[in-house]
Amino acid sequence: MGLPNASGDLSTEVEVDAFRRLFPLRFYEKHLLESIRPDARPLGRARETTIALALAKIGSTTMLAAIKMEVMTPSLETPDEGCIAIDFHMPPICSPIVRPGRPAEAAPVVAKQLSDTILSSGMINLKELSLVSGKAAWMAYLDIYCLDADGALFDTALLSAVAAFSHLEIPVVSLNDDGKIVLSEEQGLSDREPVNKEKRKINLSSVPFSLTCVLHKNYILADPTAEEESIMDTIVTVVLDSSSQLVSLQKPGGTVLAYTSAIQDCIALTRQRVKELQKILEEAISGMEVD
């Protein structure tokens, strides 16, 4: 008796999947009428988010950040400041739309967004990266690798970057006989006065968090999947700092006009999201601390 029902259920699933592929916008609009999304999320809810060290996941979107430190000679304009260089990588493994041998179109866009956001937010005081005024400072190379691209790339990349800097430790270094900066322990210079007294973490302030939304007619969908981004082409990304102050707002084109009320709603959703992300980040950091 169960076989006809099972066959009927399978037939229905195939029909629904076919309708979704052939008419994706109509498929979504049927859900939007019920204020629900195909993955059962309410319109304003973000996907499950996790952080492990510098690995951040929002839904299926996964980013891994890594920081490499090198000593550089600071510029004449900023002799007491270090520098941060940011790069974003999208290998073919992260998405079927990324082809081997061809750079992903989104990669330089996300890299520029990350650089502008991290530097303009004031999260890192570049003076903390200074070693010897006018002679030596730290150059921090931040590389973010996209392991799975399923929407909200910038949000996930920024979260992994913040997590990476939260765990970054500045090593103890000294000047050797040639006047070069070297690690004290590796060069056996423990008896020499170190340039920085102890291994320390970077002090982060005004930490930026972001939320991307897609606009469609009168609807606002928070934290879109890649499918939602491709179907509803009007995207708004709001970046707020840990004090809920606006850092940036981006709307790269799209067919829907972003009225003041829609922007205000996006900012309100971002404020809620910032509280969620702060808690997730704090729990991730405290969970990694060892006595």
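Because only heavy atoms are used, hydrogens play no part in the values below, and waters and symmetry mates are left out as well, while side chains stay in.
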Side-chain atoms of residues 86-95: list all donor-acceptor pairs with protein atoms under 3.5 Å, sequence neighbours left out, distances to 0.1 Å.
from	atom 1	to	atom 2	distance (Å)
H89	NE2	D143	OD1	2.8
S95	OG	I97	N	3.2

> Hey, is the main chain of I118 close enough, under 3.5 Å, to the side chain of S121 for a donor-acceptor pair?
Replying inline: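 Answer holds: yes.
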> For I280, does its backbone N or O pair with a side-chain atom of E283 as donor and acceptor, under 3.5 Å?
Replying inline: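 Side chain of E283 to backbone of I280, a donor-acceptor pair under 3.5 Å: no, none is there.
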Shared ILVMFWY cluster between [X] and [Y], side chains joined below 4.5 angstrom?
X    : Y    : value
Y145 : L53  : no
L142 : L55  : no
F165 : L126 : yes
I170 : I285 : yes
M139 : V172 : no

Donor-acceptor pairs under 3.5 angstrom involving side-chain atoms of residues 65-79: please list them, not counting sequence neighbours.
from	atom 1	to	atom 2	distance (Å)
S75	OG	T78	N	3.2
S75	OG	T78	OG1	2.8

> In chain order, what residues pass the salt bridge (Lys or Arg N to Asp or Glu O under 4.0 Å) check against R45, with sequence neighbours excluded?
Replying inline: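 Salt bridge (Lys or Arg N to Asp or Glu O under 4.0 Å) check on R45 returns nothing, list empty.
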Which pair of non-hydrogen atoms, one from [X] and one from [Y], has the smallest distance, and what is that distance?
X    : Y    : answer
R47  : A152 : NH2-CB, 3.8 Å
I231 : P24  : CD1-CB, 3.4 Å
P208 : V239 : CB-CG1, 3.8 Å
V110 : A157 : CG1-CB, 4.3 Å
R37  : L43  : NH1-O, 2.8 Å
I36  : P42  : CD1-N, 4.0 Å

> What residues form a side chain to side chain contact (heavy atoms under 4.5 Å, CB included) with S60, not counting sequence neighbours?
Replying inline: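 Listed in chain order: D148, D150.
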> What residues, two or more places apart in sequence or in another chain, satisfy side chain to side chain contact (heavy atoms under 4.5 Å, CB included) together with N125?
Replying inline: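 So N125 forms a side chain to side chain contact (heavy atoms under 4.5 Å, CB included) with K127, E128.
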>> Using the rule given for side chain to side chain contact (heavy atoms under 4.5 Å, CB included), can you reason through S166 versus L281, listing the C-alpha separation, both sets of side-chain angles and the distance that settles it, and then say yes or no?
In response: CA-CA 9 Å; S166 298; L281 180 63; 4.3 Å; yes
Report the distance from atom [atom1] of [X] to atom [atom2] of [Y], rounding to the nearest 0.5 Å.
X    : Y    : atom1 : atom2 : answer
I124 : I202 : CD1   : CD1   : 6.0 Å
S35  : R41  : OG    : CZ    : 14.0 Å
Q245 : L240 : CD    : CG    : 8.5 Å
K275 : T270 : NZ    : OG1   : 12.5 Å
Y28  : L221 : OH    : CG    : 8.5 Å
Q250 : T212 : CD    : OG1   : 9.0 Å

>> Looking at E169, I want to see if its CD is surrounded by more than 12 non-hydrogen atoms of other residues, nucleotides or ligands under 6.0 Å.
In response: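 Yes - once you tally the heavy atoms of other residues, nucleotides and ligands closer than 6.0 Å, there are more than 12.
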> Have E29 and Y219 got a donor and an acceptor in their side chains that come within less than 3.5 Å?
Replying inline: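 Result is no, nothing qualifies.
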> So which of Q272, K279, R273, Q278 actually passes side chain to side chain donor-acceptor pair (under 3.5 Å) with E276?
Replying inline: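 One option only clears the test, and that one is R273.
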[X] vs [Y] side-chain heavy atoms within contact, under 4.5 Å:
X    : Y    : answer
L211 : V238 : no
F154 : T117 : yes
T156 : T62  : no
L159 : F209 : yes
L277 : V162 : no
L153 : M63  : yes
L158 : L114 : yes
I84  : M123 : no

> Of all residues at least two apart in sequence or in a different chain, which pass the ring-ring contact (aromatic ring centres under 6.0 Å, His included) check with H167?
Replying inline: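 Residues passing ring-ring contact (aromatic ring centres under 6.0 Å, His included) with H167: none at all.
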> When you look at S120 and V247, which way does the side chain to side chain contact (heavy atoms under 4.5 Å, CB included) test go after all the steps?
Replying inline: CA-CA 7 Å; S120 66; V247 176; 3.9 Å; yes
> Hey, mind stepping through L215 and C266 against side chain to side chain contact (heavy atoms under 4.5 Å, CB included) and telling me if it holds?
Replying inline: CA-CA 10 Å; L215 310 182; C266 290; 4.1 Å; yes
